[in-house]
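Contents: one structure, followed by commentary.
Bear in mind that the values here come from a model prediction, so they are computed numbers and not experimental data.
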Amino acid sequence: MVTSSVASPLCTWLLAACMSVTYEKDHSLNSSLFPSHKNLSGWARRRKVMWKCNNGGVISSFSGTGIRNLMSSCLAFEPCKEYYSSEGLYSSLAFFGESGLSFFGSKARLMARRQRHKKGDAHSGKTMAVAVHPAEEVTTKKKDPTKKRRVVVTGMGVVTPIGHDPDVFYNNLLKGVCGISEIEAFDCSQFPIKIAGEIKSFSTDGWVAPKLSKRADKFMLYMLTAGKKALADGGITEDVMGELDKARCGIVIGSAMGGMKVVQDSIEALRVSYKKMNPFCIPYSTTNMGSAILAIDLGWMGPTYSISTACATGNFCILNGASHIIRGETDMMLCGGSDSVIIPIGLGGFVACRALSQRNSEPTKASRPWDINRDGFVMGEGAGVLLLEELEHAKKRSANIYAEFLGGSFTCDAYHITESHPDGTGIVLCIEKALAQSGVAREDVNYINAHATSTPACDLREYHALIHCFGQNPELRVNSSKSMIGHLLGAAGAVEAVATVKAIQTGWVHPNINLENPDVGVDMNTLVGPKKERLNVKVALSNSFGFGGQNSSLLFAPYK
């Protein structure tokens with residue numbers, strides 16, 4: 001890198017080397033720009049030229065390796081044509097020395113000086129055409145418009161309270177099966193809340209190494225398992241994996257809470273001695289470690305990181321993963337979210353927030369989005385991962401395409417740490433941006449998998465925002481997967497994106513269970529009833545928002 005102190009005299013020399021057009025003494029503009037050479041020494045003249053050019057907007061720094069690149073970056077215009085002649089090029093090379101690296105070596109100065117002497121007095125008959133006639137020399141080269149890369153969904157993986165396979169999971173949603181029950185993982189008798197969307201049976205056999213299964217936090221194990229299942233569902237066999245350009249394959253799977261169980265166990269151990277702490281406490285508690293370990297296992301070297309935006313985490317990760325593909329940085333991305341905090345510190349924390357349903361006696365009826373008797377959300381756990389792929393890449397390997405990702409957006413309410421804006425302005429802005437950026441007309445959106453957590457305030461605010469954006473569409477159908485699986489926190493958006501894609505694939509949308517008495521202002525003509533409904537989905541919206549006012553909307557459609 002060359003500093004500005006070097007760049008200024010360098011550009012001065014380059015300007016001098018570029019003086020190649022006959023100077024006309026009677027040209028008034030020439031005279032005004034450049035005083036007579038008789039009154040200025042060579043160096044002073046060049047300083048004068050440089051001062052005027054700098055004040056005219058010339059860039060006084062450069063980058064690049066070639067002579068043409070060097071000139072183009074030093075100047076705000078192309079060098080004169082004679083510069084590219086053999087004589088001009090030799091003069092420039094002389095400046096850099098034989099190695100091309102010695103900017104101000106004595107040999108370079110000597111060669112440059114000799115070249116100037118050969119040409120005679122540089123200012124006696126030459127000056128810069130660009131400085132005299134900038135309009136004639138400055139041209140703007142228009143870049144050819146690049147065709148937008150299309151993104152499709154070619155694989156899905158889930159770990160949920162009602163199934164660990166996308167088909168099983170969605171069939172249970174269509175049947176109205178509820179996965180909310182009493183907590184069994186620990187004794188919660190001292191807590192006022194004793195229910196959750198807890199995963200009762202889960203095995204990592206065949207998906208995660210036994211040693212890692214014993215050490216890692218559940219959120220990581222759910223993530224690794226769902227991620228590998230998405231690959232298997234997408235037809236990424238060992239043979240296909242061997243043919244992939246792994247530098248163009250990445251992972252963006254996030255978590256809202258991270259490895260809280262690892263942290264909780266380490267705190268307990270610390271009370272005895274730091275020597276009793278899990279040596280993996282720090283790495284296994286970070287939200288990015290699941291993606292990192294999955295990348296290590298697969299050998300994928302593309303963008304690999306996590307995003308943590310509370311309950312909107314899954315959607316944020318999917319949207320960012322798709323962006324890497326659209327920008328041409330990758331061809332394939334595993335995206336989604338994972339969380340598991342049904343542990344004492346997690347349950348206690350949300351109890352302290354006063355956000356949970358207290359319907360302990362009726363676990364399966366506790367989560368009831370939009371119902372007038374809802375009293376809070378129900379904690380859940382699990383993971384959801386989508387395999388996103390560039391369309392031509394997917395077609396080349398004859399992949400099964402579930403749906404096309406059209407685009408999305410995210411915004412911040414900038415209002416409150418736990419509540420959405422009363423007017424739903426952040427949600428509306430997010431949806432409108434998603435529609436605009438993806439080029440989708442609002443009348444084409446006829447299915448929405450809403451965030452709807454079963455909290456008194458936020459359900460209505462989101463509902464009114466959705467009606468504001470899409471209420472004129474008589475075909476619109478809206479449901480919430482949380483009525484059956486609870487709120488999966490950072491995994492919620494990703495698991496619900498899987499449900500959204502399955503609705504496109506199957507042509508069925510799942511019911512809203514427990515919606516017995518709709519709240520005031522809620523129109524049941526828009527919401528899906530207690531049974532599944534047949535729907536030819538045109539464009540589907542998966543909506544999600546979380547603590548801190550994080551809003552995110554994703555748009556999917558059938559692949560055509």
Side-chain angles (χ1 to χ4, degrees), residues 158-162 179-188 190-200 202 215-226 253-268 278 280-291 306-314 316-317 336-358 363 366-367 376-385 417-418 451 453-455 482 485-496 544-548 550:
V158 295
V159 175
T160 76
I162 59 173
I180 299 171
S181 59
E182 293 184 1
I183 296 173
E184 299 177 2
F186 62 96
D187 180 9
C188 57
Q190 61 175 322
F191 294 94
I193 311 300
K194 300 174 176 60
I195 59 174
E198 184 181 43
I199 294 175
K200 304 299 185 183
F202 172 71
R215 294 174 174 174
D217 191 279
K218 275 188 176 180
F219 98 95
M220 286 178 56
L221 300 180
Y222 293 164
M223 183 187 299
L224 294 171
T225 303
I253 308 176
S255 175
M257 312 300 288
M260 289 188 69
K261 180 65 164 59
V262 171
V263 173
Q264 178 180 274
D265 292 345
S266 296
I267 291 173
E268 293 295 324
N278 183 346
F280 297 97
C281 169
I282 297 300
Y284 283 2
S285 65
T286 59
T287 61
N288 76 302
M289 195 51 62
S291 293
S306 69
I307 297 173
S308 184
T309 49
C311 312
T313 292
F316 271 69
C317 289
S338 178
D339 256 324
S340 176
V341 292
I342 303 177
I343 55 177
I345 191 173
L347 180 61
F350 281 108
V351 167
C353 287
R354 300 180 181 179
L356 301 179
S357 170
Q358 300 186 42
S367 183
F377 76 84
V378 178
M379 290 177 62
E381 63 178 344
V385 177
I417 61 172
T418 59
H451 186 66
T453 61
S454 185
T455 55
K482 293 182 180 69
I485 60 177
H487 190 349
L488 274 56
L489 306 178
V495 170
E496 290 156 16
S544 186
F545 54 87
F547 284 178
Q550 305 297 319

When rounded to the nearest 0.5 Å, the distance separating OG of S266 from CG of N278 is 5.0 Å
Nearest-0.5 Å distance, CD1 of residue I253 to OH of residue Y222: 15.5 Å
Nearest-0.5 Å distance that lies between atom CD in E182 and atom NZ in K200: 8.0 Å
Answer yes or no: is there a donor N or O on one side and an acceptor on the other, between the side chain of E198 and the main chain of E184, under 3.5 Å? yes
What one should report as the nearest heavy-atom pair of S357 and G376 is CB-O, 3.4 Å
Tightest non-hydrogen contact, residues V351 and I193, listed as CG2-CG1, 3.6 Å
Nearest heavy-atom contact between G486 and I180 is N-CD1, 3.8 Å
To the nearest 0.5 Å, tell me how far I342 CD1 sits from I195 CD1. 10.5 Å
Would you sort out whether I343 and M260 count as a side-chain contact (heavy atoms from CB on, under 4.5 Å), showing the intermediate values? CA-CA 8 Å; I343 55 177; M260 289 188 69; 3.9 Å; yes
Do you know the tightest heavy-atom contact between V341 and F350? CG2-CE1, 4.5 Å
Do T309 and Q550 have a side chain donor and acceptor closer than 3.5 Å? no
With distance as the sole test, does D339 use its side chain to make a donor-acceptor pair with the main-chain N or O of A256 at under 3.5 Å? yes
Under the 3.5 angstrom rule, does the side chain of S338 hit a backbone N or O of A383 as a donor-acceptor pair? no
Has D217 got a side-chain atom pairing as donor or acceptor with Y284's backbone, closer than 3.5 angstrom? no
Is there a donor-acceptor contact under 3.5 Å linking the side chains of S255 and T287? no
For the side chain of S544 and the backbone of C311, is there at least one donor-acceptor N/O pair under 3.5 Å apart? yes
Would you check if V159 and F202 make a side-chain contact, meaning some heavy-atom pair closer than 4.5 Å? yes
L489 side, atom CG; M257 side, atom CE - distance, nearest 0.5 Å: 6.5 Å
How close do I183 and C188 get, heavy atom to heavy atom, and via which atoms? CB-SG, 4.0 Å
Working to the nearest 0.5 angstrom, can you tell me the gap between L356 CG and L347 CG? 6.5 Å
Scan side-chain atoms only and decide if S285 and K261 contain a donor-acceptor pair under the 3.5 Å cut-off. no
If you draw a 6.0 Å radius around CD in E268, do more than 12 non-hydrogen atoms from other residues or ligands fall strictly inside? yes
Side-chain donor/acceptor of E381 to backbone N/O of L488, under 3.5 Å: no
Shortest non-hydrogen separation from C317 to G336 and the atoms involved: CB-O, 3.3 Å
Side-chain donor/acceptor of K482 to backbone N/O of H451, under 3.5 Å: yes
